[in-house]
Amino acid sequence: RRTSNAALTTARTNAVNRASMSRATAEQERASRSSENYERRQRALRASQDAMGNSLSNQRYLYYDLGATYRTAALAAGALGAATTALAVSYEKDFAQVLRTTGLAMYDAENQSESLRKQIKALGAEIPMSFSQLANIAMIGGQMDVPVEQLGKFTDTVAKFVATADGMNLDNATQMFGRLANVFNTDAKGNMMDPEFFNRIGSAISQTADNSVTSEKAITEMLNKIASISKQAGLTAQDTSALASALSSVGVQPYLASGFLTRYFRNLNNTIANGGKPLSDYARNLGMTSDEVKTLRATDPAALFTRLLETMQGMDSIQQTQFLKKMGINGSQDPRAIQSLAANLHVYKDAIKDVDKAFDEGTYLNASSAGIFDTTAAKLTRMVNSFKNAGDSIGRVGLDMFAPILTGIGEAVSGFASFLESAPVVAKAISAIATALGVLAAALAIKALLSFVIGGLLGFQHAAQVTVGSTVGLSNAGRRLA
């Protein structure tokens with residue numbers, strides 16, 4: 001019986017142990033499942049937080065992009081208005097100088113200013129020069145009394161001439177053309193005689209320069225010295241241009257040429273005026289009669305000068321010197337100028353042919369500039385000019401609206417300034433208020449700085465709290481697992 005009881009006790013103990021182990025195993029399984037569920041929920045929570053964060057981030061950047069787009073659109077719209085207004089202001093400023101020199105700023109009954117402005121703008125679409133450069137040409141033309149109705153053609157010719165000329169700049173070319181027009185193409189009443197004069201004379205100078213051993217710059221310098229002298233002597237613009245081309249080609253300096261021509265024609269005029277034997281001797285030396293000399297002097301003085309050069313052909317230097325003394329041409333400089341031309345008579349005659357042909361046709365300057373204006377660089381400049389012209393047309397509308405507003409504001413401010421000068425007490429009060437506002441602005445600036453500093457500290461505190469909270473949460477989760 002004792003043995004049986006022991007066996008029974010052992011069986012019961014084993015059963016209890018097995019039951020305990022089963023319960024322990026079940027508890028472990030439940031704990032494991034709980035841990036897995038917790039981890040799964042944590043992963044789901046993190047995924048949800050990440051998704052939410054991504055969503056918020058995406059929305060934030062979406063609104064950033066929208067804001068940037070609207071900002072760009074606003075800036076573009078504002079820039080367009082500002083750009084067109086700036087162009088209109090610039091055009092108005094440049095053209096104001098043209099109005100000043102032409103007198104249109106004071107008297108413009110026929111609205112010539114608007115027509116001239118349109119002509120200058122149109123030239124910018126054909127010639128690769130800015131409106132400012134073209135307006136500068138017209139301004140100098142106005143200073144040189146070029147009629148308003150001719151300023152468009154004048155500007156066109158000068159611009160093309162400078163584009164094709166060797167060593168020329170706008171100022172020199174403009175002054176030269178203006179001087180030639182005043183000397184050779186203006187009647188006693190100041191009216192232009194040939195409306196195509198600028199194109200003709202520009203073509204003549206350009207062609208003779210291209211076909212000789214001189215340059216447009218050298219011819220221009222010579223013309224500036226001899227134009228008035230030649231006109232007084234009865235030479236035409238063509239005669240003078242050919243003579244200037246030949247003189248510069250053979251190396252005669254402009255100041256020597258002007259002195260020589262002055263003395264030559266003065267001596268010739270005195271000889272003809274005195275008549276008698278001096279005139280008959282002069283004519284005989286040229287192989288002519290006295291009447292022929294007088295007639296040719298009155299009708300074609302350039303031909304009479306050419307006859308002098310032709311007579312010297314075949315003479316040696318000594319014979320030429322003796323001949324020139326008989327003709328009343330003495331000294332050292334004048335005979336040298338004559339002899340240089342006589343030795344290169346073909347240069348002078350070729351210049352006459354080139355000038356006469358180009359002046360009559362009036363097309364050489366347009367043809368020679370066409371190739372230059374057809375380059376890619378020139379096309380780009382003309383395209384930019386066209387855009388600027390369009391901007392000016394748009395901006396001028398705004399200027400017309402702003403002009404009375406700006407005038408009113410200016411008058412109001414001027415009136416207020418005058419009032420302050422007459423009321424010093426009010427001026428002092430306003431000064432005190434301005435000072436107080438300055439102090440207030442400084443105080444607000446300091447407060448703004450402090451607010452930024454405090455905001456930064458609070459942000460740091462919040463970040464620290466979040467970090468501590470996350471650490472505590474992880475510690476609690478660890479304890480529950482344990």
Side-chain angles (χ1 to χ4, degrees), residues 140 144-145 161 165-169 171-186 197 201-202 204-205 208-209 212-273 282 296-297 300-309 312 320-321 324-325 327-345 347-352 354-355 359:
I140 299 176
M144 305 196 73
D145 295 325
F161 185 81
D166 180 20
M168 290 296 298
N169 60 47
D171 289 346
N172 291 339
T174 303
Q175 292 171 8
M176 185 266 292
F177 278 104
R179 183 173 291 109
L180 291 179
N182 287 334
V183 172
F184 293 108
N185 196 49
T186 305
F197 175 79
I201 196 65
I205 297 171
T208 186
S212 60
V213 291
T214 186
S215 65
E216 290 89 349
K217 181 180 179 181
I219 294 175
T220 297
E221 292 173 350
M222 187 67 71
L223 284 171
N224 286 334
K225 285 291 186 180
I226 71 172
S228 298
I229 299 169
S230 298
K231 175 64 175 179
Q232 293 172 2
L235 300 181
T236 65
Q238 301 95 299
D239 297 333
T240 305
S241 299
L243 183 57
S245 176
L247 286 169
S248 59
S249 293
V250 300
V252 177
Q253 295 300 312
Y255 73 94
L256 293 177
S258 63
F260 147 66
L261 288 175
T262 300
R263 288 183 288 272
Y264 166 77
F265 282 109
R266 182 173 60 203
N267 176 66
L268 175 59
N269 293 338
N270 289 336
T271 300
I272 293 175
Y282 192 98
L296 203 57
R297 172 66 186 89
D300 194 353
L304 185 59
F305 180 71
T306 303
R307 183 64 176 264
L308 173 68
L309 300 177
M312 295 174 63
Q320 286 181 349
T321 301
L324 291 174
K325 285 183 178 180
M327 305 301 291
I329 302 173
N330 301 304
S332 60
Q333 296 180 350
D334 293 354
R336 190 184 310 134
I338 286 275
Q339 288 172 328
S340 297
L341 283 176
N344 298 278
L345 184 58
V347 174
Y348 181 37
K349 289 187 173 181
D350 287 345
I352 292 174
D354 287 337
V355 168
F359 190 90

Handout entry: Residue pairs fulfilling side chain to side chain donor-acceptor pair (under 3.5 Å) with at least one residue in residues 253-262, sequence neighbours excluded
Key = none
Exercise for the section: Would you check if the side chain of N267 reaches a backbone N or O of M327 as a donor-acceptor pair within less than 3.5 Å? Expected result: yes
Practice task
Provide the full list of salt bridge (charged side-chain N to carboxylate O under 4.0 Å, His left out) pairs with a residue in residues 243-260, sequence neighbours left out, each pair given once.
Solution key: none
Practice task
Write down the atom of A257, the atom of M222, and the distance for their closest heavy-atom approach.
Solution key: CB-SD, 3.5 Å
Name each donor-acceptor pair under 3.5 Å that joins a side chain in residues 240-248 to protein atoms two or more places apart or in another chain, with its distance.
residue	atom	partner	partner atom	Å
T240	OG1	T236	O	2.8
S241	OG	A237	O	2.9
S245	OG	T208	OG1	2.8
S248	OG	T214	OG1	2.9
S248	OG	A244	O	2.9
S248	OG	S245	O	3.0

Problem - Pairs meeting criterion salt bridge (charged side-chain N to carboxylate O under 4.0 Å, His left out) with involvement of residues 232-245, two or more places apart - result: none
Problem - V252 and R336: CA distance, side-chain angles, deciding distance, side-chain contact (heavy atoms from CB on, under 4.5 Å) verdict - result: CA-CA 9 Å; V252 177; R336 190 184 310 134; over 6 Å; no
Fill in the blank from the handout: Closest heavy-atom pair, V183 versus S228, reported as atoms and distance to 0.1 Å, is CG2-OG, 4.2 Å
Problem - Result of checking T220, T174, N224 against R179 for side-chain hydrogen bond (donor to acceptor under 3.5 Å, both in side chains) - result: N224
Fill in the blank from the handout: Correct closest heavy-atom pair for L309 and Y348 would be CD1-CD2, 3.7 Å
Practice task
Might you point out which heavy atoms bring P254 and K225 nearest each other, and give the distance in Å?
Solution key: CB-CG, 3.6 Å
Problem - For R307, all residues meeting side chain to side chain donor-acceptor pair (under 3.5 Å), sequence neighbours excluded - result: none
Handout entry: Test salt bridge (Lys or Arg N to Asp or Glu O under 4.0 Å) applied to K325 - qualifying residues, sequence neighbours left out
Key = none
Problem - Value rounded to 0.5 Å, distance of CD1 in I140 from CG in D171 - result: 4.0 Å
Problem - D334: partners by side-chain contact (heavy atoms from CB on, under 4.5 Å), with sequence neighbours left out - result: F260, R263, I329
Exercise for the section: Only one of L180, D354, V355 passes side chain to side chain contact (heavy atoms under 4.5 Å, CB included) with I205; say which it is. Expected result: L180
Exercise for the section: Could you pull out all residues at least two apart from I272 that satisfy side-chain contact (heavy atoms from CB on, under 4.5 Å)? Expected result: L268, L279, V293, K294, R297
Problem - Distance in Å, Q232 CD paired with I226 CD1, rounded so as to fall on 0.5 Å steps - result: 12.5 Å
Handout entry: From Q339 atom CD to Q320 atom CD, the distance as rounded to the nearest 0.5 Å
Key = 5.0 Å
Fill in the blank from the handout: Hits for side-chain contact (heavy atoms from CB on, under 4.5 Å) against D300, two or more places apart or cross-chain, chain-then-number order -> L296, A302, A303
Practice task
Give, for atom OG of S230 and atom CZ of F265, the distance between the pair rounded to the nearest 0.5 Å.
Solution key: 6.5 Å
Fill in the blank from the handout: Hits for ring pair (Phe, Tyr, Trp, His ring centres under 6.0 Å) against Y264, two or more places apart or cross-chain, chain-then-number order -> F305
Exercise for the section: Could I get the full list of side chain to side chain donor-acceptor pair (under 3.5 Å) partners for N344, not counting sequence neighbours? Expected result: none
Exercise for the section: For the residue pair K349 and T306, establish whether any side-chain heavy-atom pair is separated by less than 4.5 Å. Expected result: yes
Handout entry: NZ on K231 to CG on N182, rounded to 0.5 Å
Key = 11.5 Å
Fill in the blank from the handout: F177 meets the ring pair (Phe, Tyr, Trp, His ring centres under 6.0 Å) criterion, sequence neighbours left out, with F161
